[in-house]
Each structure stands twice: as C-alpha cells, then as structure tokens.
Amino acid sequence: MNRSEQLSRLQNTENWDVIIIGGGASGLGTAIDAASRGYKTILLEAVDFAKGTSSRSTKLVHGGVRYLEQGDIHLVREALKERGLMAQNAGHLVKNQSFVIPNYNWWSGYFYTIGLKIYDLLSGCLSLGSSKYISKTKTIEMLPNVQENGLVNGVIYHDGQFDDSRLAVNLAQTAVENGACVLNYIKVVNLLKDDKNQIIGVQATDQETGITYDLKGSVIINATGVFTNAIMKLNDTVYKKYIVPSQGIHLVFDKSFLPGEHALMIPKTKDGRVLFAVPWHNRVVVGTTDTLIKKQSLEPIALESEIQFVLETAQRFLAKKPTRADVLSVFAGLRPLAAPKEEGKSTKEVSRSHKIIVSETGLITITGGKWTTYRKMAEEIIDKAILKGKLHKKSCVTQHLPIHGNKITTAIDRENYLYIYGTDIPKIVQLQNDDPALKEKLHPDHEFTLAEVIWAVRYEMARTVDDVLARRVRLLFLDARAAIQSAEKTARLMAKELGRDENWIAKEISDFNEISKGFLLSEFRNDSKNRFLKDSIPENS
C-alpha cells in the first residue's frame, strides 16, 4: 500500500489480465478475487478508496429483514451466508450486533418473532444468534431510552455491524498482498478499443501529476457504482441508463440517545421505510432514507426533508428527543441501484440484487448489490469473465481468505479504540513508542492520535486530509466540527510526511472545510437544500 511502489508497477507492466475501474466495495472485492486466483490485476480509483457510497452506509452487515418481508428469499439467504463469512474473515471489523424491535401493538411481537425465526433458519450454521420475543420490561431494560408510552413488547434479533471504509482500506491491502496493483487518484478517462470495437484497455490519468497512461488488459471491469453511467457513456454508441442512484442519509448523535450496546430497529415507519439507530464508535448512527436522485455526486448533501424525516421518526420512538442541535454529523450516500425496465419506479420497487452486464464491446459491468455481498459479487464477476473466454479457468479462493488485520476481537478488545486495526495494532503502538510526540491527540475530545495520521499516509495510501479524517479515522463522520478543528494539525503532519509545502497545506485545509460543510447542520444547510432539492425525485413518483 505504498503509492510510489504501486505506480512503478503500473509503469513497468505492459499487459494485465484484469483491469478494474473503481475502488469501492465491488471493485476492491474483485481485485482480491482476481489476484488471489493468480491473475495479473490492477485496480484504478479516480479519487480515494470508498470515497463514495462505500464509506456512507448504515454500517450493517445484514441479510436484509426488509427483503425477507418482500419475499426475496434468495437475496436474503445469499446475504446471510456472506454476513457469516465476513465475520470470520474480518473479525476485527465485523461484530455481532443485537437489535431490538419495540412493538406498540400486541400482534407485532408475534409477527416479527415468526419472521425473524425464518431469518435465523436461512442463516444456517452461520447464524449470529437466535431471535426471540421479549416482554415490555425486558425491552425497556435493553433500550433504556425507548418511548415507553404505548409499548407492549419487543423482539430481539442479531445481525452484523462494521466500519465500512476501514474494511475498504483493508481490502486494498489484502489485494496488494495477493499480488494486485492498487492505486487511488488515477482516473480512467477513456476506453481503448480495437478495430472490431472490442475493449482492449483503458486510458487513465494520474490526478496528482497529470500524466496519462494507456493500459492494455484482457478483461476490463466497470465497478464504479453510482458513476457506472459515466463509464458506459464512454463504452456505448447509444446512451442507456444502467443505474439509478438512491440517496440515504444518516444523523450521528452521542451515546446518551441510545445507551447500552443494543441497536434499535423500526421495521415500518409512517411511510413504510425501515429506520435503524445503531451504536458505532461510541456514537449512535440513525438512518436511513430512500430518495431517488437525478444526479450523482461525490459529496451528496442531505435534503431538508430527509433530515426532518429521520429526526421526527427518532423522536417518536425515543424518550429523550434528539433535536437538530444534537446532531454531531450528517452524511449522505448514494446507492447504485440497478435501473428498472420501466422508468419512474419508486426506490422500493427497484431491485437491491446486483446485476452483471457484459457489453457488446466486452466490457463487464457490475451494478447494484451491497457491502454484505461484495465477496460473492466479485466471485461472480471473475467467473463471468472466465465463462466469456477472457481468462484461463482458475477457481475462486476467497470464501475463507482472511482480510488484512483479521483477528478474533472480543467486546473487551473493543474497549481499546484501536481495535479496528486488528493485527496492525502493535505497529501503531510501536510508532508512538518510537516517537512519543505521536501520542498527541488529533482533537482533545477524541482518542485518535497523530500516529494514526502517519500510519494512514505510510501504509494506507492516504493522500489528502479528507482521506485521513473521513475514511481512515472516521472523525468527520463522528463529529464534523471536531474534524474541522483538526484539519490544520492533520495537514501539517501530512505535509511533512509527503514533502508538501505551505500552499498544499492551505489548499488542503480549504478543500476539507468545503467538504465538511455537507456534514454540518448549520447555516450551510439552507444553501444546500436549495441547491440540491431540484435534483431529487419524490419517493412516490
């Protein structure tokens, strides 16, 4: 995970077996699958790993209770199997999370208990725990801040919880360890084709130096998520919409709004959507919404209507009512849903299953899907390339392949905030021991230290302040104001490590402050609302 070394590999390799465009969950998973089978593999990410959708999830590794209700048994069974494998292969990041559903009428307790027993059965030997009906008293005990007025009973079930962009970084490291070349800030600007209109490579520009490279490959895979349509415009002679972006937002609060270790799940809000309140890094993440969006963006902004929906729903089910003033951070993410055959469908009607498309040019595109099934999607993509005769047949080996950092991590282990680094923890501690100045905190209210900035730059390919504070230590997602206050300290430390000057420092601070506006509920929100409202499509359209 040293960018200079990876760039040298790019420059000194004439032909690749597999070229992957996109460094989110799907692309990184595909890089591991291809490289671990022995194919010469390169992955190119235009910005930073997981910069888009893959860092903005609800932080759940789940089968999808909502999809079970919709009768999509195959999708749920597949996701539950992958949930179990993720817990085994990335034990430092994926944990067993208990969820409690509070019920305000007597029949809901029986209805959800039966449904979740089916959920348990579908997970087979990879189950994380049994679902069960619980009394009103037990529900209040497990959810101390739940709205007690009208509460009748509850149901408890188990799913997975994780840190999405930390897993993305570990996937990139795993891909490199298996022989892949992995690079961020390399943007694919064109597709190379032969005289038969067959794709034979890509043209990509290094965003830091401006140098453009022509890369040849046997298989070209488009794993660009919500930006799939942009790559397809380079590929197709006739434009067609392959994905529709759906926006989901999350509000982050302190732990007082959900004390304890149990998550809250509301299976049916007033408009039929699901709402989660999930403990995460000693905070509470509450979401999500589901709004079709016309335009994709690297920095999507939460709509005022979405913020109000999450706040109002949380206030209905929590005794201590969260307000706008309590929001530490708000983040929006875009789901790359596979486009329906009929225009104008609502997000509830658009399939959550992934699709693999092989174009007439030979380009292989993955659309849809979710974090939980990233490994299975990657396996299917490479199997499809083999089936199309583009690669010699080699079997997938990722089912039990450990992800970088993997170790058994207990609840006691998680009391040390460094647990997310898994087997790398001793190396970060060693950095601090070698230079005690690196024990200094990035911000007085948070545990993150300067050593983690150094680690992110040296071993996790962080290139900007945003890379560090948003996706390596997650401060921007946990407390946006604290992240802004930490930007200069981070920039100066990175500049020293990367050999940058004062101009670079000033630009990084300015760029990060601009990005951070979207994570704040402040005067910026009104501007954002006016700017982005016209790009949203109402849920019932």
Side-chain angles (χ1 to χ4, degrees), residues 23-24 45-56 164-165 168 184-185 187 205 207-208 210 225-227 230 245 247-252 293-304 306-307 324 327-334 442-443 445-446 448 453 456-457 461-495 497-498 500-536:
E45 163 56 45
V47 197
D48 185 34
F49 308 115
K51 165 74 172 175
T53 308
S54 296
S55 63
R56 298 163 183 264
D164 45 15
S165 72
N184 54 4
Y185 295 97
K187 183 177 182 179
T205 301
Q207 302 291 81
E208 293 189 357
V226 293
F227 298 98
Q247 178 160 291
I249 75 146
H250 300 81
L251 306 182
V252 180
I293 298 290
K294 286 181 179 177
K295 289 182 181 178
Q296 67 272 26
S297 167
L298 266 177
E299 292 293 342
I301 302 292
L303 303 173
E304 185 61 32
E306 294 178 299
I307 294 164
R324 295 177 72 92
V327 176
L328 298 172
S329 185
V330 52
F331 61 93
L334 302 179
L442 272 174
H443 189 278
D445 296 341
H446 296 269
F448 309 118
V453 178
V457 173
M461 224 181 272
R463 310 297 291 177
T464 70
V465 170
D466 180 47
D467 295 349
V468 172
L469 295 182
R471 288 170 297 283
R472 301 306 188 276
V473 302
R474 309 319 305 266
L475 186 54
L476 181 59
F477 284 74
L478 295 168
D479 187 337
R481 286 174 179 80
I484 292 168
Q485 291 161 10
S486 305
E488 183 174 356
K489 186 183 287 187
T490 303
R492 292 197 175 280
L493 191 58
M494 291 184 73
E497 191 70 19
L498 292 168
R500 308 297 197 211
D501 60 15
E502 284 291 329
N503 290 334
W504 183 89
I505 292 170
K507 185 175 187 305
E508 277 299 304
I509 295 169
S510 173
D511 289 349
F512 184 74
N513 287 344
E514 189 62 33
I515 289 168
S516 300
K517 289 179 184 179
F519 289 75
L520 291 167
L521 285 194
S522 65
E523 65 272 16
F524 300 117
R525 180 57 54 205
N526 292 329
D527 293 338
S528 301
K529 180 183 72 172
N530 295 334
R531 193 165 66 248
F532 286 87
L533 200 57
K534 65 179 182 294
D535 292 334
S536 70

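Counting from 1, the numbers follow the sequence of the chain as shown.
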Asker: Under the criterion salt bridge (Lys or Arg N to Asp or Glu O under 4.0 Å), I'd like the reasoning laid out for Arg481 against Asp445: C-alpha separation, chi angles, the key distance, then a yes or no.
Answerer: CA-CA 11 Å; Arg481 286 174 179 80; Asp445 296 341; over 6 Å; no
Asker: Less than 4.5 Å apart, side chain to side chain, heavy atoms only: is that true for Tyr185 and Thr464?
Answerer: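 The answer is yes, as the side chains (C-beta and beyond) meet within the 4.5 Å cut-off.
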Asker: Where do Ile484 and Ser516 land on the side-chain contact (heavy atoms from CB on, under 4.5 Å) test, with the steps shown first?
Answerer: CA-CA 7 Å; Ile484 292 168; Ser516 300; 3.5 Å; yes
Asker: With side-chain contact (heavy atoms from CB on, under 4.5 Å) as the criterion, how do Val327 and Val252 come out once you've worked through the C-alpha distance, each side chain's angles and the decisive distance to 0.1 Å?
Answerer: CA-CA 6 Å; Val327 176; Val252 180; 5.9 Å; no
Asker: Are the side chains of Arg472 and Asp48 in contact, using a 4.5 Å heavy-atom criterion?
Answerer: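 Contact flag for Asp48/Arg472 side chains = yes.
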Asker: Do the side chain of Glu508 and the main chain of Val465 share a donor and acceptor less than 3.5 angstrom apart?
Answerer: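 Present.
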Asker: Just wondering, do Leu478 and Leu328 contact through their side chains at under 4.5 Å, heavy atoms?
Answerer: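 The answer is no, as the side chains (C-beta and beyond) never meet within the 4.5 Å cut-off.
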Asker: Could you list the residues that satisfy ring pair (Phe, Tyr, Trp, His ring centres under 6.0 Å) with Phe331, not counting sequence neighbours?
Answerer: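 Listed in chain order: His250, Phe477.
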Asker: Applying side chain to side chain contact (heavy atoms under 4.5 Å, CB included), can you list everything that pairs with Ala168, at least two apart in sequence or on another chain?
Answerer: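 By the side chain to side chain contact (heavy atoms under 4.5 Å, CB included) rule, Ala168 matches Leu28, Ala50, Trp371.
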Asker: Is Val330 close to Leu520 at the side-chain level, that is, under 4.5 Å between some pair of heavy atoms?
Answerer: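 Leu520 does not reach Val330 side chain to side chain.
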Asker: With sequence neighbours left out, write down each residue that passes salt bridge (charged side-chain N to carboxylate O under 4.0 Å, His left out) with Glu208, or none if nothing qualifies.
Answerer: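 By the salt bridge (charged side-chain N to carboxylate O under 4.0 Å, His left out) rule, Glu208 matches Arg3, Arg463, Arg500.
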Asker: Which heavy-atom pair separates Val226 from Pro245 by the least distance, and what is that distance?
Answerer: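 For Val226 and Pro245, the tightest heavy-atom pair comes out as CG1-CB, 4.2 Å.
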Asker: Check for a donor-acceptor pair, side chain of Arg492 on one end and backbone N or O of Glu488 on the other, with a separation under 3.5 Å.
Answerer: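 No: the side chain of Arg492 does not pair with the backbone of Glu488.
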Asker: Between the main-chain N or O of Gln207 and the side-chain N or O of Thr205, is there a donor-acceptor pair closer than 3.5 Å?
Answerer: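 The answer is no, because no donor-acceptor pair under 3.5 Å joins these two groups.
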Asker: Quiz question: by atom type and distance under 3.5 Å, do the side chains of Asn513 and Ser510 form a donor-acceptor pair?
Answerer: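 Ser510 and Asn513 do not have a side-chain donor-acceptor pair below 3.5 Å.
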Asker: Are Arg324 and Glu304 within salt-bridge range, i.e. N to O under 4.0 Å?
Answerer: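 Yes.
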Asker: Please list, chain by chain and in numerical order, all residues satisfying side-chain hydrogen bond (donor to acceptor under 3.5 Å, both in side chains) with Ser486, sequence neighbours excluded.
Answerer: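 So Ser486 forms no side-chain hydrogen bond (donor to acceptor under 3.5 Å, both in side chains) with any residue.
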Asker: Where do Val468 and Ala456 come nearest, in terms of heavy atoms and distance?
Answerer: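 Minimum heavy-atom contact is CG2-CB, 4.2 Å.
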Asker: Drop me the distance from Gln247's CD to Leu334's CG, to the nearest 0.5 angstrom.
Answerer: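 Result: 5.5 Å between the selected atoms.
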Asker: Surrounding NZ of Lys187 (heavy atoms of other residues, nucleotides or ligands, distance under 6.0 Å), is the total greater than 12?
Answerer: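 Open.
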Asker: Using the side chain to side chain contact (heavy atoms under 4.5 Å, CB included) criterion, which residues pair with Lys507? Sequence neighbours excluded.
Answerer: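 Lys507 satisfies side chain to side chain contact (heavy atoms under 4.5 Å, CB included) with Asp511 once adjacent residues are dropped.
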Asker: Under a 4.5 Å cut-off applied to non-hydrogen side-chain atoms, are Val453 and Phe448 in contact?
Answerer: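 No, too far: nothing below the 4.5 Å cut-off.
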Asker: Please name all residues satisfying side-chain hydrogen bond (donor to acceptor under 3.5 Å, both in side chains) with Ser55, sequence neighbours left out, ordered by chain then number.
Answerer: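 If we apply the side-chain hydrogen bond (donor to acceptor under 3.5 Å, both in side chains) test to Ser55, skipping adjacent residues, there are no hits.
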Asker: Enter the distance from Arg471:CZ to Ser54:OG here, rounded to the nearest 0.5 Å.
Answerer: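 Spacing of CZ (Arg471) from OG (Ser54) equals 11.0 Å.
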Asker: Any side-chain heavy atom of Leu298 within less than 4.5 Å of one from Phe227?
Answerer: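 Contact flag for Leu298/Phe227 side chains = yes.
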Asker: What distance do Glu514 atom CD and Ile509 atom CD1 have between them, rounded to the nearest 0.5 Å?
Answerer: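 Rounded to the nearest 0.5 Å, the CD-CD1 separation comes to 14.5 Å.
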Asker: Any Lys/Arg nitrogen of Asp466 or Lys51 sitting under 4.0 Å from an Asp/Glu carboxylate oxygen of the other?
Answerer: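 Result for this pair is yes, salt bridge flagged.
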Asker: List the atom of Ala470, the atom of Ser165, and the distance in Å for their closest heavy-atom pair.
Answerer: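 In terms of heavy atoms, the two residues are closest at O-OG, 4.4 Å.
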Asker: Does any part of the side chain of Val47, heavy atoms only, come nearer than 4.5 Å to the side chain of Asn184, both counted from C-beta?
Answerer: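 A side-chain contact is absent here, since even the closest heavy-atom pair is not under 4.5 Å.
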Asker: Between NE2 of His446 and CG of Leu475, what distance do you get to the nearest 0.5 Å?
Answerer: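 One finds 5.0 Å between NE2 of His446 and CG of Leu475.
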Asker: Please round to the nearest 0.5 Å and tell me the distance separating atom CZ of Phe512 and atom OG1 of Thr490.
Answerer: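 That separation rounds to 7.5 Å.
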Asker: Taking C-beta and beyond as the side chain, do Leu469 and Leu442 meet within less than 4.5 Å on heavy atoms?
Answerer: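 Contact flag for Leu469/Leu442 side chains = yes.
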